[in-house]
**Student:** 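Let me begin by handing over the structure; questions about it come next.
Basis for what follows: all heavy atoms, side chains included, without hydrogens, waters or symmetry-related copies.
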2 protein chains.
Amino acid sequence: MISQKAKYALRALVALARAEPTGQTPTVGEIASGQNIPKKFLEQILLDLKHHGIVASKRGKAGGYMLLKPANRITFGEILRIVDGPIALLPCLSVVAYRRCDDCQDEQSCEVRHVFAKVALASRDILDQTTIADSLAGGDDNPVLRIAG
Amino acid sequence: MISQKAKYALRALVALARAEPTGQTPTVGEIASGQNIPKKFLEQILLDLKHHGIVASKRGKAGGYMLLKPANRITFGEILRIVDGPIALLPCLSVVAYRRCDDCQDEQSCEVRHVFAKVALASRDILDQTTIADSLAGGDDNPVLRIAG
DNA sequence: CGATACCCTATCGAATTAGTAGTGATTTAA
DNA sequence: TTAAATCACTACTAATTCGATAGGGTATCG
């Protein structure tokens with residue numbers, strides 16, 4: 001499961017992307033109430049995204065947030081890594097935060113690792129290719145409702 | 001990330017699968033020391049797997065554990081669901097433990113959900129197709145070392 | 001100058017994780 | 001028949017993470 005925080009981050013970015021063509025810079029309060037997100041919590045999240053160069057902000061009256069990069073250059077994978085950390089299901093499979101499994105004898109021959117490497121590859125394929133703009137466009141997705149347990 | 005517990009469970013099952021052709025029923029202590037797993041922790045894990053019909057046990061001297069189903073019928077997905085719960089990255093995408101996202105207005109049009117549905121589908125494809133026997137056989141895997149963040 | 005909004009740090013309760021500990025029940029072999 | 005080995009079960013616990021909440025500080029605009 002991804003964290004609630006990551007879900008909020010993604011939804012906030014979608015909201016910003018949607019507001020972008022109108023030239024508006026929505027405030028935290030607006031996004032929060034529109035998306036059903038606790039305001040102070042969202043404040044932290046957007047601040048974090050700002051520190052990571054995803055969004056920009058304007059202070060004072062008529063302030064707000066805007067995307068710093070075009071929506072079609074912000075991937076789900078990028079955001080997930082900022083907010084939740086590694087995407088890989090094993091520490092020894094993470095590029096951004098590689099860590100040896102301290103209980104694992106030989107990484108090369110680890111049977112479990114081989115399987116999760118495939119999963120990591122598949123997930124990364126999707127998450128690093130799909131942008132905020134894509135998700136807004138919607139469209140070509142399989143009409144699948146409940147898929148995986 | 002999967003839990004340490006799930007990793008232990010999978011490694012223990014691989015060990016049992018490997019011992020199977022020899023007719024042996026390894027003890028918790030043997031698996032634990034062989035796989036570098038805390039013994040009492042592994043005891044709990046195997047007990048749990050037993051309750052879920054994955055392994056069987058024999059008590060007393062010369063006791064131990066064995067697989068209850070053939071290794072090529074035990075999938076990674078099945079074990080992960082038992083030990084870690086849902087595989088899907090969103091509660092609203094889980095088959096085994098569906099839960100509405102309480103902050104989400106409309107599930108059908110949720111942009112975030114659409115993307116994670118693809119991930120769930122892809123992950124499930126791999127995890128529900130790959131068995132303990134497959135991982136033991138190794139072989140056809142891509143020779144990828146560090147793949148995803 | 002004062003209202004509005006972002007900026008930043010600290011704190012907190014609940015849940016989860018990764019074990020440890022201790023006792024009980026069963027089987028085998030001497 | 002009894003000792004030793006082994007699984008069975010329950011309870012506890014220390015540390016961390018999660019999902020916030022609180023409360024100021026700081027810039028900007030009118």
Side-chain angles (χ1 to χ4, degrees), chain A residues 1-12 16 24-33 35-52 54-66 68 80 82-86 89-91 97 99 101-103, chain B residues 1-12 16 24-33 35-66 68 80 82-86 89-91 97 99 101-104:
Chain A
M1 296 273 172
I2 68 168
S3 69
Q4 193 69 16
K5 198 172 170 181
K7 213 192 309 175
Y8 288 160
L10 291 168
R11 291 232 312 271
L16 286 178
Q24 294 174 329
T25 58
T27 66
V28 173
E30 286 164 359
I31 302 172
S33 64
Q35 297 290 323
N36 223 14
I37 303 173
K39 185 186 164 190
K40 290 296 264 178
F41 195 24
L42 181 57
E43 230 174 54
Q44 289 178 48
I45 294 168
L46 285 172
L47 196 57
D48 199 15
L49 292 179
K50 181 190 175 174
H51 292 325
H52 282 87
I54 308 293
V55 300
S57 62
K58 205 182 137 199
R59 294 222 262 198
K61 227 164 178 169
Y65 277 94
M66 68 210 78
L68 191 54
L80 281 183
I82 289 172
V83 178
D84 275 1
L89 292 178
L90 291 176
R99 238 185 50 229
C101 294
D102 36 346
D103 53 294
Chain B
M1 295 271 173
I2 68 169
S3 69
Q4 194 69 18
K5 196 171 171 183
K7 212 192 312 176
Y8 289 159
L10 290 168
R11 291 233 311 272
L16 287 179
Q24 294 173 332
T25 60
T27 67
V28 174
E30 284 164 0
I31 302 172
S33 65
Q35 297 289 323
N36 222 14
I37 302 173
K39 184 185 166 190
K40 289 295 264 180
F41 196 25
L42 181 58
E43 228 172 54
Q44 290 178 46
I45 296 168
L46 286 171
L47 195 57
D48 199 13
L49 292 179
K50 180 187 176 178
H51 292 325
H52 282 87
I54 309 293
V55 299
S57 61
K58 206 184 138 199
R59 293 221 262 200
K61 226 164 179 168
Y65 277 94
M66 67 210 78
L68 192 54
L80 281 184
I82 289 172
V83 178
D84 275 1
L89 292 178
L90 292 176
R99 237 185 51 229
C101 294
D102 36 346
D103 53 295
C104 175

**Student:** What is the distance from CG of L47(B) to C1' of dT6(D), rounded to the nearest Å?
**Tutor:** 13 Å
**Student:** NA contact type, G64(B), heavy-atom cut-off 4.0 Å: base, sugar-phosphate, or nothing?
**Tutor:** sugar-phosphate
**Student:** Reading DNA chain C in the 5' to 3' direction, which nucleotide is the first one with an atom under 4.0 Å from a heavy atom of chain A, and which is the last?
**Tutor:** dT4(C) to dA10(C)
**Student:** Both I2(A) and Y65(B) contact DNA chain D. Which one's nearest nucleotide lies toward the 5' end?
**Tutor:** Y65(B)
**Student:** Between D103(B) (CG) and dC18(D) (P), how many Å, whole number?
**Tutor:** 16 Å
**Student:** Expressed as a whole number of angstroms, how long is the span from F41(B):CZ to dC12(D):P?
**Tutor:** 18 Å
**Student:** Taking only side-chain N and O atoms of S3(A), does any of them lie within less than 4.0 angstrom of OP1 or OP2 on dT17(D)?
**Tutor:** no
**Student:** What pair of heavy atoms forms the shortest contact from A62(A) to K58(A), and how long is it?
**Tutor:** O-NZ, 3.6 Å
**Student:** Donor-acceptor pairs under 3.5 Å, side chain of residues 45-53 of chain B to any protein atom, not counting sequence neighbours: which ones?
**Tutor:**
| residue | atom | partner | partner atom | Å |
| --- | --- | --- | --- | --- |
| D48(B) | OD1 | H52(B) | ND1 | 3.4 |
| K50(B) | NZ | S57(B) | OG | 3.0 |
| H52(B) | ND1 | D48(B) | O | 3.0 |

**Student:** So do the side chains of P91(B) and P86(B) get within less than 4.5 Å of each other, counting heavy atoms only?
**Tutor:** no
**Student:** Could you check how far CD of Q44(A) sits from P of dC18(D), rounded to whole Å?
**Tutor:** 13 Å
**Student:** Can you tell me the distance, in whole Å, between the CG atom of L42(A) and the C1' atom of dC18(D)?
**Tutor:** 16 Å
**Student:** Could you tell me which non-hydrogen atom of L68(B) sits nearest to which non-hydrogen atom of A56(B), and how far apart they are?
**Tutor:** CD1-CB, 3.8 Å
**Student:** Mind listing the closest non-hydrogen atom pair of T25(B) and M66(B) along with its distance?
**Tutor:** CG2-CE, 3.8 Å
**Student:** How many Å lie between CD on E30(B) and P on dC7(D), as a whole number?
**Tutor:** 8 Å
**Student:** Kindly write out the residues that satisfy side chain to side chain contact (heavy atoms under 4.5 Å, CB included) with Q35(A), not counting sequence neighbours, or none if the list is empty.
**Tutor:** R11(A), A15(A), I31(A), I37(A)
**Student:** Return all side-chain donor-acceptor pairs below 3.5 angstrom for residues 1-8 of chain A, not counting sequence neighbours, or 'none' if the list is empty.
**Tutor:**
| residue | atom | partner | partner atom | Å |
| --- | --- | --- | --- | --- |
| S3(A) | OG | K5(A) | N | 3.4 |
| S3(A) | OG | A6(A) | N | 3.1 |
| S3(A) | OG | D84(A) | OD1 | 2.5 |
| S3(A) | OG | D84(A) | OD2 | 3.4 |
| Q4(A) | OE1 | K7(A) | NZ | 3.4 |
| Q4(A) | NE2 | Y8(A) | OH | 3.1 |
| Q4(A) | NE2 | D103(B) | OD1 | 3.0 |

**Student:** In whole Å, I'd like the distance from the CD1 atom of I45(B) to the C1' atom of dA8(D).
**Tutor:** 15 Å
**Student:** So, taking the atom named OG1 in T27(A) and the one named OH in Y65(A), what distance separates them when rounded to the nearest 0.5 Å?
**Tutor:** 10.5 Å
**Student:** Rounded to the nearest Å, what distance is computed from the OH atom of residue Y8(A) to the P atom of nucleotide dC18(D)?
**Tutor:** 14 Å
**Student:** Measuring to OP1 and OP2 of dA8(D), would you say a side-chain N or O of H51(B) lies under 4.0 angstrom away?
**Tutor:** no
**Student:** Show every salt bridge (Lys or Arg N to Asp or Glu O under 4.0 Å) that has at least one partner inside residues 36-47 of chain B, sequence neighbours left out.
**Tutor:** K40(B)-E43(B)
**Student:** Report, one pair per line, the protein and nucleotides 23-29 of chain D atoms (nitrogen or oxygen only) whose separation is under 3.5 Å.
**Tutor:**
| residue | atom | partner | partner atom | Å |
| --- | --- | --- | --- | --- |
| dG23(D) | O6 | K40(A) | NZ | 2.2 |
| dA27(D) | O4' | R59(A) | NE | 3.4 |
| dA27(D) | O4' | R59(A) | NH2 | 3.1 |

